[in-house]
Amino acid sequence: MQSAFSIRSKLTSGISIYAVIGQLAAEHKAINLWQGAPNFLPDQSLIDSATRAMKEGFNQYAPMAGIPALRQLLAEKIAKLYGARYDPDQEVTVTAGGVEAFYASITALVHPGDEVVFFEPAFECYEPIVRLQGATPVPIKIPLDTLKIDWDEVAAAITPRTRMLIINTPHNPTGAILEKCDIDRLIAVTRNTNIVVLSDEVYEHMVYDGMTHHSMSRYPELAERSVVVHSLGKTYHVTGWRVGYCVAPAGIMEQIRKVHQYLVFSAPAPMQVALAAALENSESYFALAEFYQRKRDILLSGMAESRLDIKPCSSGFFMLARFNDFSNSSDRDFVFDLLRRMRVGTIPLSSFYGDGSDTGMIRISFCKDNDTLREGGRALANWRP
Ligand code: GLN
């Protein structure tokens, strides 16, 4: 359709890399190692519960903050795992996936002119959401050789305008995890400031090799200034259901809910009923670490002969691989080449940098069934320049 209508772009970024690669991967019938979404079924009992909920009439808007039984169970889970007591009525909100929790939190808490410190490579939505508030994103690059945050650099980046610091542990896309020494530094750099910590912990259960997840809610001094974002989609292998949640002290959550109510009003009702039943009936999330560690290792052994330099990964769904010892391509071209010639989809790491930094690396996802991991690992191992 022709239109002479002129619009001014609010965001300079293009279409999400997930949409771009998703379309190309479909065209090339490529093995999906690009997206952090399982390609296997969730528990049959979860599907049965959701179907039952629909048949029983849970097809209209859920309560704005989430179904009370689910919020109660989520508060109990956090108390058990991390020792923090959140009031389910005022301090727990069920959201339409983690992204909605980020959007509602940043929109509610960050004002024009504020600065938001976060770490790159970063999940791609943080920066544009900050920009949409008329605020300034302040990215700090994580060194890719050590994957350790330089906290002196963080301290130097904090100004009186810093309103928020975004943390992501376990980390997408590097597979790194914050350790206790990082938490101590985080407490120190935010002490006596007005900074809210927005903590993306959607991979909280995917932690390998005996590592520990340090939730902000474990540390009272951080919990009082933090919004912690969790995912039910990731924990129950149902990312398409779009159900996540966030927790925060009542004063902060009151502001987040003001945005959430006008963004989606409420998260999908039958899915919330089903997820409440799953949470009530089992502690299956404790098995996720072993389940995904095995998947990581299957992919790693499939790639043992690969020319790619695979970075160690101790958490989450992803690992990084360096290719530029063997190729001068840009990371995007390298990913397109893998799609076309090897029929395997991955993500160029430059998509996780606001300035498009190309470090000669790709992100590979291992939250897939074992046959896909073996086939994908073989395809990556067979790549030749
Ligand atoms: N969080 C997931 C990832 O990083 C999925 C994101 C998406 O597909 N929009 O792959």
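When a ligand or atom number is given, it counts from 1 through the structure's own listing order.
A distance below 6.0 Å separates the ring centres of Tyr82 and His213.
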Would you mind writing out the side-chain donor-acceptor pairs for residues 115-126 within the sub-3.5 Å range, not counting sequence neighbours?
| unit_1 | atom_1 | unit_2 | atom_2 | d |
| --- | --- | --- | --- | --- |
| Glu115 | OE1 | Thr159 | OG1 | 2.9 |
| Glu120 | OE2 | Gly354 | N | 2.7 |
| Glu124 | OE1 | Ile17 | N | 3.4 |
| Glu124 | OE2 | Ser16 | OG | 2.5 |
| Tyr126 | OH | Asp200 | OD2 | 2.6 |

Scan the side chains in residues 282-291 for donor-acceptor partners under 3.5 Å anywhere in the protein, sequence neighbours excluded, and list what turns up.
| unit_1 | atom_1 | unit_2 | atom_2 | d |
| --- | --- | --- | --- | --- |
| Ser282 | OG | Ser284 | N | 3.0 |
| Ser282 | OG | Ser284 | OG | 3.4 |
| Glu283 | OE2 | Lys80 | NZ | 2.3 |
| Tyr285 | OH | Lys80 | NZ | 3.1 |

Side-chain donor-acceptor pairs under 3.5 Å in residues 238-251, sequence neighbours left out?
| unit_1 | atom_1 | unit_2 | atom_2 | d |
| --- | --- | --- | --- | --- |
| Arg242 | NH1 | Thr239 | O | 3.2 |

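Using a 4.0 Å cut-off between charged nitrogen and carboxylate oxygen, Arg71 and Asp87 do not count as a salt-bridge pair. A salt bridge does not link Lys55 to Asp48: none of the charged nitrogens lies less than 4.0 Å from a carboxylate oxygen.
Near ligand 1, Tyr18, Gln35, Gly36, Phe123, Asn172, Tyr203, Lys234, Phe318, Arg363 each place a heavy atom less than 4.0 angstrom from the ligand.
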